[in-house]
Amino acid sequence: MGIDAPIGVFDSGVGGLTVAREIMRQLPEERMVYFGDTARLPYGTKSKDTVVRFSRQIVRFLKTKDVKAIVIACNTATAYGLEEIKRELEIPVIGVIDAAARVAGAVTRNGRVGVVGTTGTIESGMYEKALKKYNKEAQVYGKACPLLVSLVEEGWLHDMITEEVVSRYLKDLEYKSIDTLILGCTHYPLLRSTFSKVAGEDVTLVNPAYEVAMELGELLDKKGLSCGKGVAKEKKKYEFFVSDAAEKFCNFANSILPYDIERVKQINIEAFEAEETESLFVTAGMAGQAVSKRR
Ligand code: DGL
């Protein structure tokens with residue numbers, strides 16, 4: 001694998017595109033393979049075991065693309081699986097929680113930080129743990145917002161109903177006098193204007209995408225893996241894969257990314273189920289190739 005190898009980025013759906021677009025902006029020389037698990041979302045209401053199993057399958061798929069680093073662009077998968085996946089892989093892996101906690105810990109003035117995210121992320125307590133690392137005094141108030149992922153996937157980004165739902169969820173945080181709110185699900189930055197309107201101008205919203213892309217750039221530099229200018233010129237820059245509804249994903253992606261995607265391929269991600277032995281991994285990899293070849 002050379003420095004011109006792509007970066008693997010994944011999420012349960014379109015949410016991770018908020019991180020992907022920041023990587024495109026900050027690291028324009030880098031290639032990227034994105035996977036959205038659209039057949040099996042939401043992740044936020046599933047058990048840890050299930051989310052870790054799905055994440056492992058995706059990692060196995062990304063490895064067949066010879067990625068040089070992986071970004072888990074999903075808070076739920078980061079909360080449940082980052083440490084395990086890091087341990088299992090020899091390439092750099094980063095998640096999204098640590099960066100968000102670092103920023104929130106630095107920008108809060110009164111030490112009262114709200115976190116909105118999926119049920120899984122909030123119940124995992126990972127944000128609280130990460131925030132305490134950066135700001136010992138911080139009080140963390142979590143609120144699970146399970147309906148929001150579906151509304152984003154549906155494309156209801158600027159909609160009265162979405163605003164009403166956000167208001168209902170934020171009601172619980174209203175009395176906590178928070179001055180900082182972490183958008184702790186990669187789908188939520190797509191609702192940034194709604195969150196900002198409902199939370200009010202005194203509350204600073206934290207979207208970790210910018211810091212995650214920066215952290216990735218620094219990590220690649222440190223490991224000698226950064227792609228130099230023009231190095232990957234002849235190669236395909238960005239590739240997108242999903243487990244279902246490729247066309248819908250493509251339209252959505254084209255509405256938020258700085259580049260137009262021509263094609264999104266659908267693959268059978270279940271074929272990448274982790275097995276006990278290496279020979280079964282090869283079988284899974286071949287099954288995946290067969291699926292992509294047929295399309
Ligand atoms: N975008 C994801 C996250 O950051 C997952 C949302 C979901 O599938 O529930 O948690």
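Counting starts at 1 for both ligands and their atoms, in listed order. We're numbering straight along the sequence, starting at 1.
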> What residue among T76, T118, D37 forms side chain to side chain donor-acceptor pair (under 3.5 Å) with Y43?
Replying inline: D37
> Among protein heavy atoms, which sits nearest to atom 7 (C) of ligand 1, and what does the distance come to when rounded to 0.1 Å?
Replying inline: Y43 N, 3.3 Å
>> I need the nearest protein heavy-atom contact for atom 5 (C) of ligand 1: residue, atom name and distance, please.
In response: S12 OG, 3.4 Å
Neighbour count above 12 (heavy atom, 6.0 Å) for [X] [atom1]:
X    : atom1 : result
K197 : NZ    : no
K237 : NZ    : yes
E137 : CD    : no

Structural part of [X] in contact with ligand 1, heavy atom criterion under 4.0 angstrom:
X    : value
T76  : both
N75  : both
T186 : both

Sub-4.0 Å atoms of ligand 1 with respect to non-hydrogen atoms of [X]:
X    : result
T118 : 6 (C), 9 (O), 10 (O)
V149 : 6 (C), 7 (C), 9 (O)
C185 : 1 (N), 2 (C), 3 (C), 4 (O), 6 (C), 10 (O)

Within the structure, does [X] bring an N/O atom to less than 3.5 angstrom of an N/O atom in ligand 1?
X    : answer
H187 : yes
G44  : yes
D11  : yes

> Which value, rounded to the nearest 0.5 Å, describes the distance between T18 atom OG1 and Y210 atom OH?
Replying inline: 15.5 Å
>> Would you compute the distance between atom NZ of K248 and atom CD of E153 and round it to the nearest 0.5 angstrom?
In response: 6.5 Å
> Taking NZ, NE, NH1 and NH2 as the nitrogens, is one of them in D98 or R102 under 4.0 Å from a carboxylate oxygen of the other?
Replying inline: yes
> Pick one: which of K63, K223, K68 meets salt bridge (Lys or Arg N to Asp or Glu O under 4.0 Å) with E90?
Replying inline: K63
